[in-house]
Amino acid sequence: MKTVIRVHRSGIVYICVSIVFGVISVNSGNNYHYLATAVMLGFMLASGIAGRGNIRSAEISIEYPDEVYAKTPFLLTVEVRNQSKRIPIYLIEVNVDGEKLMFPTVAAGETCRLRIYYSFPRRGINEIKDVRLFSVYPFNLFTRFWDVCGDLSSVVFPAPEKPAGETIYVPPEGGLGDDAARGLRADGDIIGVRPYISGDNMRQIHWKSSARTGKISSRVFDDDSSGGGKTIDLERLILSAGKERALSLAAYALKEAIISGEAIGMRGAGEEYPVSAAGGDKLAMLARLALHE
Amino acid sequence: MSSALISLKKLLIANSLLCALLSFAACRNIVSPAAAAIFLPALAASVFIDAFGWKRPPRYLLNLVSVIAVGSAMALVRIDSVIETFLSAVLLLTAVKMLEDKRARDHVQIVILSVITIVSAAALTFRPEFVMYYIVMSVLIAQGLLLSTLFSKAPEMVFNRKEALCLCRRALAIWLMMLPVCAALFFAAPRARAALTMPGYGAGDTTASGFVDRVTHGLIGRIQESNEIAFRAETPRVAANDLYWRGLTLSVFDGNEWRARQIRGPRHVDYAASGNHVRQEIFLEQGQFRVLFALDKPLTLDKIDFIYASDGVFLRSNRRMTRQLSYGAVSAVSAVMRPNDAAFDKEPYLSLPPGFSPPLRDLTDGLTQGLDERSKISAIQGYLSPPAFSYSLDNLPVSDNALEEFVLDIKKGNCEYFASAMAVMCRMAGIPSRLVAGYRGGYYNVSGEYYIVRQKNAHAWVELWDSAEKAWRRRDPTPPDESVEISLRQRETGRFAMYLDLLSLRVSQLIVEYGGDEQMELIERFKGFLLNPGASFQSAAGNMKDTLRRRALPIFAVMIVLIAVLLAMRAGRFSKRSPEAALLRDFLSATSRRGFTKRPDEGLEEFANTIPETDARELRELAWRFVVAFEQDYYRDRPMTAAKLSELKEIVQQIKRASKNSSNDLL
């Protein structure tokens with residue numbers, strides 16, 4: 001992580017004043033002038049050390065929401081964590097693709113979050129390329145900055161598109177029909193517990209198990225994979241609507257299912273996702289759509 | 001508990017105000033009275049505007065005032081007062097800035113203007129208190145720049161007291177980080193052998209001097225009341241009767257004024273003196289005279305470029321002072337000065353204006369008729385003695401016949417009148433005489449082993465030619481004055497003031513007088529350390545031992561003060577704790593004394609369980625009683641009642657008593 005320093009106009013003035021003081025000192029031989037020059041230069045160095053310490057204590061992370069759809073603005077969370085346990089940090093500015101976020105102060109050991117609207121133009125794995133950390137602390141003479149490294153990518157789901165009469169789902173084959181499937185919720189008998197998957201409903205969380213193990217766990221219901229509910233027929237959809245539109249239509253269906261809590265499955269592209277009401281499964285299907293070749 | 005919020009803006013305004021006040025304090029004696037008269041009301045107005053929301057003057061008006069201030073400064077500037085005029089203009093600009101609706105950059109500008117003011121004022125003075133101005137100013141710089149940076153980015157920021165203090169501590173931390181760098185740069189920066197100076201450089205802010213290069217009757221009486229320091233002299237203690245600091249010898253009398261003779265002096269001292277040789281290190285305060293003082297009779301000076309101007313007078317070569325002046329001197333402490341050429345021309349020392357004061361001549365003739373030389377001197381001095389004559393600084397005769405008026409009528413005066421009268425009367429009696437202007441007495445600072453000589457110690461005495469010994473002999477006809485006597489008895493200043501003065505002297509030696517020679521010495525020492533670290537350590541240890549021995553009392557006092565401050569801080573921290581937290585601390589400390597220490601990750605109940613039932617049944621029961629009662633309130637965020645607190649305290653006391661008993665059992 002390489003910190004770059006840029007001198008401000010005020011910094012240039014400060015340096016010039018220091019040089020003038022230096023010249024006066026040497027010419028006059030007056031120790032008070034030497035002292036003034038030493039104070040000015042000393043502050044320059046001390047501000048560098050303090051500024052470096054300040055910016056080094058800041059840890060930046062970017063948080064995406066669970067569902068990120070292409071061409072759809074979402075709230076991007078920028079988080080600044082103060083790694084120091086004793087000293088607050090000041091004036092941290094984060095530049096996200098030209099959008100500036102100011103964190104005036106972050107208390108010792110605390111985390112501050114700010115959110116901005118952001119959107120990706122395409123589905124697939126997308127990355128915010130320009131995330132930069134700035135700080136003018138402590139004296140506004142110089143700006144220190146570095147480009148935030150690390151994994152800033154997110155899987156961006158296809159832009160959801162409402163169907164205009166296209167057939168999305170596999171036709172019902174008798175037995176448990178659409179109506180019955182619609183009634184299925186995550187409230188059947190518990191058949192097991194599995195680790196929490198992002199997107200799982202809060203009601204699905206098994207609190208006792210989570211407390212015991214220290215890791216959040218979700219309940220698995222006997223109707224999670226019952227095969228009921230609707231199943232998206234991706235292959236047929238691609239044939240009828242074209243690839244990108246088909247992916248967008250499927251994404252729309254899955255998004256709606258997440259909102260309503262209905263069970264849904266998907267088949268096509270060589271994979272089959274059984275019908276499930278679990279949010280995590282729906283997100284997995286959306287991710288599959290996002291990464292569709 | 002809620003606490004009042006402090007806005008960043010207010011903090012910044014307070015800082016800027018302090019900067020402005022400090023800069024004014026530094027240049028108050030230098031700037032024009034008009035600038036001072038405008039600055040202070042303007043500053044007061046800015047306080048009211050910022051604090052009570054009074055209507056602010058329009059910006060165009062303030063800009064106009066700024067232009068006028070700078071314009072007037074440029075129009076009024078004189079070659080010998082460039083810095084004074086510049087300072088007045090900068091001070092007015094600071095006042096204008098304070099009146100403005102201040103943005104972040106305005107606050108920065110106020111800080112810069114204040115720094116420029118202090119640095120410019122430092123060009124005119126070498127007083128050690130400027131070090132204090134620099135220290136305070138540098139703290140304000142750190143604070144001002146930090147706050148204005150925050151203000152530029154988040155102007156609406158507010159803090160509670162704790163956050164504001166935290167911010168101040170950050171500024172202080174930056175200041176502390178700056179200190180070692182500053183010290184290194186200050187001592188390492190190259191010193192020019194021959195510094196350039198500009199007009200007026202080092203000439204301002206001089207202390208009103210009790211010493212004069214010519215004695216005019218009645219002129220310096222008021223100055224003799226001044227408590228300003230004239231110089232300090234590091235030297236072993238000298239007998240009070242010998243404490244005469246020689247300055248200038250005045251041989252020419254024109255009827256009203258004594259002045260020095262214009263003679264081309266020899267290159268080396270042209271006399272001998274037989275007293276003890278005493279070495280002195282003189283630290284001269286800034287003054288307008290070139291005279292270099294030393295104990296009467298100075299034999300040689302060193303560490304300074306000087307000119308010997310005959311009659312025991314030394315002058316510095318440089319007309320302008322670019323830094324505080326210090327020099328070494330060796331004197332023979334004696335009342336007698338024997339010229340190498342005893343056959344020198346005595347005529348100038350007998351000269352009086354033609355027809356000068358017949359009544360005085362008649363008086364002298366009457367006093368000295370038929371007496372030998374020594375008896376004449378005794379008769380004249382006896383005449384000028386109490387009770388007929390007395391010392392006074394009030395109602396001094398100042399007419400054209402001041403001396404005659406003093407001797408024949410008023411009979412009260414200060415040292416100049418007595419010395420002048422004696423010298424004139426001796427000349428009338430045919431005894432060569434001259435006046436010596438300098439200082440008498442001084443307060444001996446035992447800790448620093450140096451004399452502090454103040455302006456009020458300014459003195460004049462006479463030297464009379466002793467034809468038998470062929471030497472000049474000192475005579476002091478001035479009767480004792482209480483203020484002078486107090487100074488001689490060396491009980492003038494309190495102990496604390498003495499330490500402060502010592503600190504001021506050391507600061508002056510370390511910073512103000514640091515120059516090329518000291519730098520070379522420092523480099524040599526560093527080289528010595530690199531070449532032979534062992535010897536350097538030994539020498540440093542020896543010095544430290546010596547310092548500890550000599551300065552045991554002040555070091556002990558400083559340590560006591562530090563310990564008191566630390567204890568007060570600790571007490572303050574504990575007093576801020578809730579009674580519940582204090583109780584818990586007591587409980588854990590009492591159990592720890594019994595050998596059961598709670599781990600940080602252990603709950604209270606868990607801890608109580610660790611006390612074994614078999615070995616410490618009583619302690620375990622007491623601990624459980626405490627824990628159960630404590631948890632009932634503490635973990636419900638409920639303040640404990642007084643009854644509950646006293647119950648818990650009683651349990652802790654029981655644990656402590658049990659602890660004592662068990663210790664006794666063990667013994």
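Convention: sequence-line order gives letters A, B, ...; per-chain numbering from 1.
Only the side chain of A/Tyr90 comes within contact range of chain B, with heavy atoms under 4.5 Å apart. At a 4.5 Å heavy-atom cutoff, the contact between A/Leu35 and chain B is made by backbone and side-chain atoms alike. For B/Leu167, the parts lying near chain A are the backbone and the side chain together; criterion is any non-hydrogen pair under 4.5 Å. Contacts between B/Ala184 and chain A at a heavy-atom distance below 4.5 Å are absent for every atom of the residue. If you measure heavy-atom distances from B/Val108 to chain A, you find no contacts under 4.5 Å at all.
Using a 4.5 Å heavy-atom cutoff, the side chains of A/Phe43 and B/Ile174 are in contact. Using a 4.5 Å heavy-atom threshold, the side chains of B/Arg170 and A/Ile87 count as touching. The closest side-chain heavy-atom distance from B/Leu150 to A/Tyr137 is not below 4.5 Å.
The heavy-atom pair separating B/Met177 from A/Ala46 by the smallest distance is CB-CB, 3.9 Å. In terms of heavy-atom proximity, A/His33 sits nearest to B/Val119 at NE2-O, 3.0 Å. Closest approach of A/Pro104 and B/Met157 over heavy atoms only: CB-CE, 3.6 Å. Contact detail for B/Ser152 and A/Asn140: the closest heavy-atom pair is OG-ND2, 3.6 Å. What you find for A/Val39 and B/Ser138 is that their closest heavy atoms are CG1-CB, 4.0 Å.
Annotation: the span from A/Tyr32 atom OH to B/Phe186 atom CZ amounts to 9.0 Å, rounded to 0.5 Å. Note that the CG atom of B/Leu510 and the CG atom of A/Asn31 stand 9.5 Å from one another [nearest 0.5 Å]. To the nearest 0.5 angstrom, B/Ile511 atom CD1 is 15.0 Å from A/Tyr34 atom OH.
The environment of CZ in A/Arg132 is crowded: more than 12 heavy-atom neighbours from other residues, nucleotides or ligands sit within 6.0 Å. With a 6.0 Å radius and a threshold of 12 heavy atoms from other residues, nucleotides or ligands, B/Met132 has its CE atom at or below the threshold.
Put simply, of B/Leu185, B/Leu146, B/Val181, the one with the most heavy-atom pairs under 4.5 Å next to chain A is B/Leu146. When B/Cys166, B/Ala142, B/Ser120 are compared by the number of non-hydrogen pairs under 4.5 Å with chain A, B/Ala142 comes out ahead.
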